[in-house]
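Here is the structure we will look at.
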Amino acid sequence: MASVKLENVKKVFDGGVVAVQDVNINVQDKEFAVLVGPSGCGKTTTLRMIAGLEEATEGSIYIGDRLVNDVPPKDRDIAMVFQNYALYPHMTVYDNMAFGLKLRKYPKQEIKQRVHDAAQILGIEELLDRKPKALSGGQRQRVAVGRAIVRKPKVFLFDEPLSNLDAKLRVQMRTEISKLHQRLEATMVYVTHDQTEAMTMGDRIVVMKDGVIQQTDTPLNLYNHPQNKFVAGFIGSPAMNFFNGRIEADGGLVFTETGGGLRLSLPEQFAERLASHHGKEITLGIRPEHIFDARRCEGAEVKARAKAKVEVVEPMGNEIYVYFATKSGTMYVSRITATEEPEAGKEMEFVFDTAKVHLFDAVTEKVFLG
């Protein structure tokens, strides 16, 4: 296996459209790296440049210690798994998996061994004589992965491979790909727009927006310590709540939402770090699980309380998402345990765990607390 490194990589398409801007990524040997972001953020273009399917306008791309900018895709020792499987409909599963090896004129016995080994790993041994039309979506995806495995490449590249599967099968397949990574000890670069896939699969995650990397970190660090408002809002489901307002010294630190909405007392331990932000426009972020039903906090010494009318209730089984609107019209959501179902249209009191807030500069959107 090998590492993958991109240094100051830029991609400009015809017409001057900048798809990727100054990208620096260093995927370690045997690491599972995930590129995640909304549609059009440049993640697939970045993957295609690693594969050699797109030419980098600027910068350097290394696989291992080898500069591959001018190396054709077939010579980069990578294998790519696409969203649409790209199986040959007239060939059996065996022939689909063996096709690349046959082109490279591997001995028949070695091809047979590699195909059967890959089929055993993926649990598709009984499917080798079938054609793609006789397979389910999940089985076709396993075949596409198996076709990559038989190559024994230095790097596996996945371009949103689970997008065409239903929700239950997606969960199953992402678990299988994670297990496959552990078993093969392979270097993998995986592209997805689904932050849940990114969080559950990646050793490290690269968050992109508008062709620019916003943050590269472990899943937990991205969740707990986002570097800017975009990352904070993109990672996590339901998304982080945001409130625009100011910090005031009103008998203590108080966040006041613009428009006369929320007023939340902030912990005194933040005083020194927030001193230079008094009176300035900021954005306060807090995750849904840090907003509690006040009835479950009786006796606790909490100052940050707020009342609001319940707008929408979404029962999820073991928990409930409760949506509210502040007086200024800002919608926010609380994630509470399913011990008592709130009713839409009724007022509830909530407690905010303000020790867990994230504060962002209103102009740069960079975090300065959290």
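Numbering of residues begins at 1 and proceeds along the displayed sequence. FYI, side chains are in, hydrogens and waters are out, and symmetry mates aren't considered; it's all heavy atoms of this structure.
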Does anything in residues 279-288 pair up under side-chain hydrogen bond (donor to acceptor under 3.5 Å, both in side chains), and if so which pairs, sequence neighbours excluded? N244-T283, R246-E281
Apart from F360 itself, its cluster of hydrophobic side chains linked below 4.5 Å comprises M240, F242, V367
Please determine whether the number of non-hydrogen atoms from other residues, nucleotides or ligands lying under 6.0 Å from atom CD of E272 exceeds 12. no
Other than Y62, which residues form its hydrophobic cluster under the rule that side-chain heavy atoms must be closer than 4.5 Å? L67
To the nearest 0.5 Å, what is the distance between CD (E248) and CG (L253)? 11.0 Å
Under 3.5 Å: donor-acceptor pair, side chain of R170, backbone of L165: no
Not counting sequence neighbours, list each pair that qualifies as a ring-ring contact (aromatic ring centres under 6.0 Å, His included) and has a residue in residues 266-296. H277-F368
Just grab all the ring-ring contact (aromatic ring centres under 6.0 Å, His included) pairs involving residues 165-213, residues at least two apart or on different chains. F32-H181, F32-Y190, F158-Y190
hydrophobic_cluster_shared for L274 and V254, side chain cutoff 4.5 Å: no
Starting from Y321, can I reach M348 by hopping between I/L/V/M/F/W/Y residues whose side chains sit under 4.5 Å apart? no
Go through the steps for E197 and R174 under the test salt bridge (Lys or Arg N to Asp or Glu O under 4.0 Å), then give the verdict. CA-CA 7 Å; E197 276 183 26; R174 75 182 187 220; 5.7 Å; no
Classify the side-chain pair N228/Q215 by whether it contains a donor and acceptor separated by less than 3.5 Å. no
Working to the nearest 0.5 Å, report the span between OG1 of T337 and CD1 of I320. 7.5 Å
With sequence neighbours left out, the residues meeting side chain to side chain donor-acceptor pair (under 3.5 Å) with R76 are none
Kindly list each side-chain donor-acceptor pair under 3.5 angstrom involving residues 78-85, sequence neighbours excluded, with atom names and distances?
none

With rounding to the nearest 0.5 Å, note down the distance linking CD in Q28 to CG in D203. 10.5 Å
Non-hydrogen side-chain atoms of N24 and I213 separated by less than 4.5 Å: no
Does anything in residues 118-150 pair up under ring-ring contact (aromatic ring centres under 6.0 Å, His included), and if so which pairs, sequence neighbours excluded? none
Pairs meeting criterion ring-ring contact (aromatic ring centres under 6.0 Å, His included) with involvement of residues 203-230, two or more places apart: F230-F234
What distance do M331 atom CE and T326 atom OG1 have between them, rounded to the nearest 0.5 Å? 9.5 Å
Looking at K168 and D166, is there a salt bridge between them, counting it only when a charged N and a carboxylate O are closer than 4.0 Å? no
How about V143 and R147: do any of their side-chain heavy atoms sit closer than 4.5 Å? no
Identify each donor-acceptor pair in which a side-chain atom of residues 119-138 lies under 3.5 Å from a protein atom, sequence neighbours left out, and give them as a table.
{"from": "S136", "atom 1": "OG", "to": "Q139", "atom 2": "N", "distance (Å)": "3.3"}
{"from": "S136", "atom 1": "OG", "to": "Q139", "atom 2": "OE1", "distance (Å)": "3.4"}

Between F243 and F255, is the gap from one ring center to the other below 6.0 Å? no
Results of side chain to side chain donor-acceptor pair (under 3.5 Å) for T46 - residues two or more places apart only: none
Under 3.5 Å, side chain of N241 to main-chain N/O of I286, donor-acceptor pair present? yes
Do I61 and L53 belong together in a cluster built from hydrophobic side chains that touch within less than 4.5 Å? yes
Indicate the atoms forming the closest heavy-atom contact of D77 with P153, along with that distance. OD1-CA, 3.5 Å
All pairs passing side-chain hydrogen bond (donor to acceptor under 3.5 Å, both in side chains) where residues 95-105 contributes a residue, at least two apart: T92-D95, D95-K102
Got a second to check how far R263's CZ is from E257's CD, nearest 0.5 Å? 12.0 Å
Determine, using the 4.5 Å side-chain heavy-atom cutoff (strictly less than), whether L284 and L369 are members of one ILVMFWY cluster. yes
Would L180 and I149 count as a side-chain contact (heavy atoms from CB on, under 4.5 Å) here? Give the steps. CA-CA 10 Å; L180 182 66; I149 291 174; 3.6 Å; yes
